[in-house]
2 protein chains.
Amino acid sequence: MKLSAVTIKDISRELNLSTSTVSRALRDSHEISIETKQLILDYARKINYKPNRNAQSLKEKKSHSIGVIVSEIANSFFSQVINGIESIASKNGYTVNISQSMESAERELMNLEYLTSSFIDGLIISVSTETKNHLYLKEVHEKGLPIVFVDRVIDEIETHKVIADNFKGAYKATKHLINKGYSKIALVSNHAGLSIAKERLEGYKVALSEAKIPVKDNMIVFCDHGGMLYSEVESAMNSLMRLRTKPDAIFAGSDKITTGCMRFMKNKKIRVPEELALIGFSNNDLTELLSPPLSVIKQPAFEMGEAAMTLLLSMMESKRPQQKFETRIQSTELLIRKST
Amino acid sequence: MKLSAVTIKDISRELNLSTSTVSRALRDSHEISIETKQLILDYARKINYKPNRNAQSLKEKKSHSIGVIVSEIANSFFSQVINGIESIASKNGYTVNISQSMESAERELMNLEYLTSSFIDGLIISVSTETKNHLYLKEVHEKGLPIVFVDRVIDEIETHKVIADNFKGAYKATKHLINKGYSKIALVSNHAGLSIAKERLEGYKVALSEAKIPVKDNMIVFCDHGGMLYSEVESAMNSLMRLRTKPDAIFAGSDKITTGCMRFMKNKKIRVPEELALIGFSNNDLTELLSPPLSVIKQPAFEMGEAAMTLLLSMMESKRPQQKFETRIQSTELLIRKST
DNA sequence: TATTTTAACGCAATCGTTCCCGACAACAAT
DNA sequence: ATTGTTGTCGGGAACGATTGCGTTAAAATA
């Protein structure tokens, strides 16, 4: 069942006017006399008229709604990003359609195909770890769908991008560990193919090199699903702990991995930071309350969401395809607490 | 700018057929010969035809999208609920439109009015703490919009409701504290007008009464915005700590309040549970890793989301207004850890 | 052979809005 | 008196998909 809506026709019939006049009055056209306009507006308010957005969308070829695809909503970083997106979107009369890829390329594609059925005016996406073939994304982009990448970008697609300064964040974190006297620093990274993972790896490597610490391959392990499952982090950590020269510090490459590592150390009763230090990317507010309070690299998630939506707005509202695209790099924050 | 979509007309023109035939072929009607059908299907796939959902919605008077209004996405409980909703929705071809009230009745109403512009087929809502006048909600409900309440319900509106067993959860938590030897148990509650707050208060009171512990009003404090701001929790806790007979245990009435209390105790260097025990409602995965690990009452958030969406589906898909509504009460889980 | 049935397709209206054209007054300018 | 102008309004065609009904030819039946 559905709600029976009142339409422009109802108004025009009641007031003995044409639908054109009513439509124009509601849109405050100058072609309508003030009296008629007032009459229509009053009556419309009285019967609680709301324009049918589907009809409007069909006519205007604009839905005033955007799609957002992230890997998981229940992830502090992404929920904060969405928060930022929503705040700008609702201010500008846009509805936000959210779907989750759950780090699965298949689900991502499904959502994408669904959202792009001439339904959304624009898309903000943070690609899943699995994504390797972005044919479809590229296709809709070339057909003219405005897209903004957030956090996890695809270099091959030229459009606006909003990312954190992953290189610098990783660099600062690693350098911090070095300054604290740690030398056997392991990296538990996200999927190697991810843009953020590459940048963070690079920051890690450069910091080590500058300190003349050799970068060892066996000190770098990967979680191909970004720590979505704890077991993934567990086996990554286990492989590190089996090493002949165990690490004395862990640098975790994502929110879920960071908390996963923490969980691992708790489970294994590894003392932090005495036996093993821990620092990682995380936007979870509770990291501060952990024992020990976690040192983290925090991304300006809310602001990144705002920036992405603002950029998307500019694309959607511009008449002609934009030529110049910008990549906004927002700086991360290093919060040093007790775990390092 | 927008993406130029391919329509049924493009197909019909190219193949020298009528739009009716094309439409019927795409919908696999028996009135179309197999050869023609195949021809159309092949060509449609070739040019990557996607039906225009706005046009479909206009024709069918169904948008196949639902609205979800919660107080905040970046709240583990709600993000898990949304997770559950989305999983069922996408399986059934529905798009989820999420908006946040941020515990503001004004924002809630804005979102509601926006979503209900003949745009959504159904609504799942967890009302904000501020909400007191639900006139508009009642109005759209009476006009026939299927609504399902989750977690925070409005008794006056008769429809499906999905809630956790708040009474029992609170009862069990309080009883647990009593069994552990605590007797001066304070309740830091959510806004008093909220259904969940009332039920939890009741569970708290009954448990105390059964143990012949008098219920004292000054041991019950309220956070009118559900702990949205830390300052709110802080002042609530401060008023408790100023009491002549301070509490020896805190029972926190919501996710944000629980973590807020924990934060307060850390800040004030109050030893948990020696000086003050803490238990509370929370769905945050990290509570386990806090020091001490928090005892919590956990709600089946994901399952609640699933249930809500399932109920909403049944309402949306039924031809006539439903008469019988159910209130699904899902049981909570008491996780006893070190904070009590 | 004449008539009915059936298969396969087209026509045109419809959903609710918007907007390009007019239409038709009243009035001003020539 | 004729022509222009302006201010208000209505007619009707879109937007893209769906669908009841009508049409036509071929096939089946009498």
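Note that the coordinates shown come from a computational prediction; the quantities given were computed from them, not determined experimentally. All chains are named by letter (A, B, ...) in the order of the sequence lines, taking the proteins before the strands, and each is independently numbered beginning at 1.
- Among the nucleotides C:dA12, D:dA17, C:dT17, the one closest to any side-chain atom of A:Asn52 is C:dT17.
- Of the residues near DNA chain C, B:Val22 and A:Thr19, the one whose nearest nucleotide (by heavy atom distance) lies more toward the 5' end is B:Val22.
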Query raised in the report: Going through the distances and angles, do B:Tyr136 and B:Thr116 end up as a side chain to side chain donor-acceptor pair (under 3.5 Å)?
Result: CA-CA 10 Å; B:Tyr136 187 76; B:Thr116 51; 2.8 Å; yes
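- The CD1-C1' distance, from A:Ile8 to C:dG16, rounds to 7 Å in whole Å.
- In this structure, B:His64 and B:Tyr94 have tilted ring planes: the angle between them lies in the 30° to 60° band.
- Summarising the geometry, the separation between CD1 on A:Ile11 and P on D:dG10 is reported as 14 Å, rounded to the nearest angstrom.
- To the nearest 0.5 Å, the span separating CG on A:Leu17 from OG on A:Ser23 amounts to 12.5 Å.
- Looking at heavy-atom distances under 4.0 Å, B:Asp10 makes no contact with the nucleic acid at all.
- In this structure, B:Leu58 atom CG and C:dT14 atom P are separated by 14 Å, rounded to whole Å.
- In this structure, NE2 in A:His141 is found 5.5 Å from CD1 in A:Ile147, a value given to the nearest 0.5 Å.
- Around atom CD1 of B:Ile47, more than 12 heavy atoms belonging to other residues, nucleotides or ligands sit under 6.0 Å away.
- Applying the 4.0 Å criterion to OP1 and OP2 of D:dC15, one finds that B:Lys59 has every side-chain N and O outside that range.
- Taking side-chain N and O atoms only, A:Ser18 has a distance below 4.0 Å to OP1 or OP2 of D:dG10.
- Among the protein residues, B:Ser23 comes within range of the nucleic acid bases, having at least one heavy atom under 4.0 Å from a base atom.
- Residue contacts for A:Ser20: at a heavy-atom cut-off of 4.0 Å it reaches a base atom on one of the strands shown.
- Whole-Å rounding puts the A:Arg53 CZ to C:dT17 C1' distance at 14 Å.
- The CD atom of B:Gln56 sits 15 Å away from the C1' atom of C:dT14 (whole-angstrom rounding).
- For DNA chain D, the residues of residues 26-44 of chain A within the heavy-atom distance limit of 4.0 Å (strictly under) are A:Glu31, A:Ile32, A:Ser33, A:Thr36, sorted by number.
- Following rounding to the nearest Å, A:Arg13 (CZ) and C:dT17 (P) show an atom-to-atom distance of 12 Å.
- Rounding to whole angstrom units, CG of residue B:Asn54 and P of D:dA17 are separated by 11 Å.
- Scanning atom types as modelled, no donor and acceptor separated by under 3.5 angstrom connect the side chain of A:Arg24 and the base of D:dG7.
- Taking atom NZ of residue A:Lys61 and atom C1' of nucleotide D:dG16, one finds them 8 Å apart after rounding to whole Å.
- Applying the side chain to side chain donor-acceptor pair (under 3.5 Å) rule to B:Thr36 yields the partners B:Ser33; only residues at least two apart in sequence or on another chain are considered.
- Here the straight-line distance linking atom CD1 of A:Ile124 with atom CD1 of A:Ile66 works out to 4.0 Å at 0.5 Å rounding.
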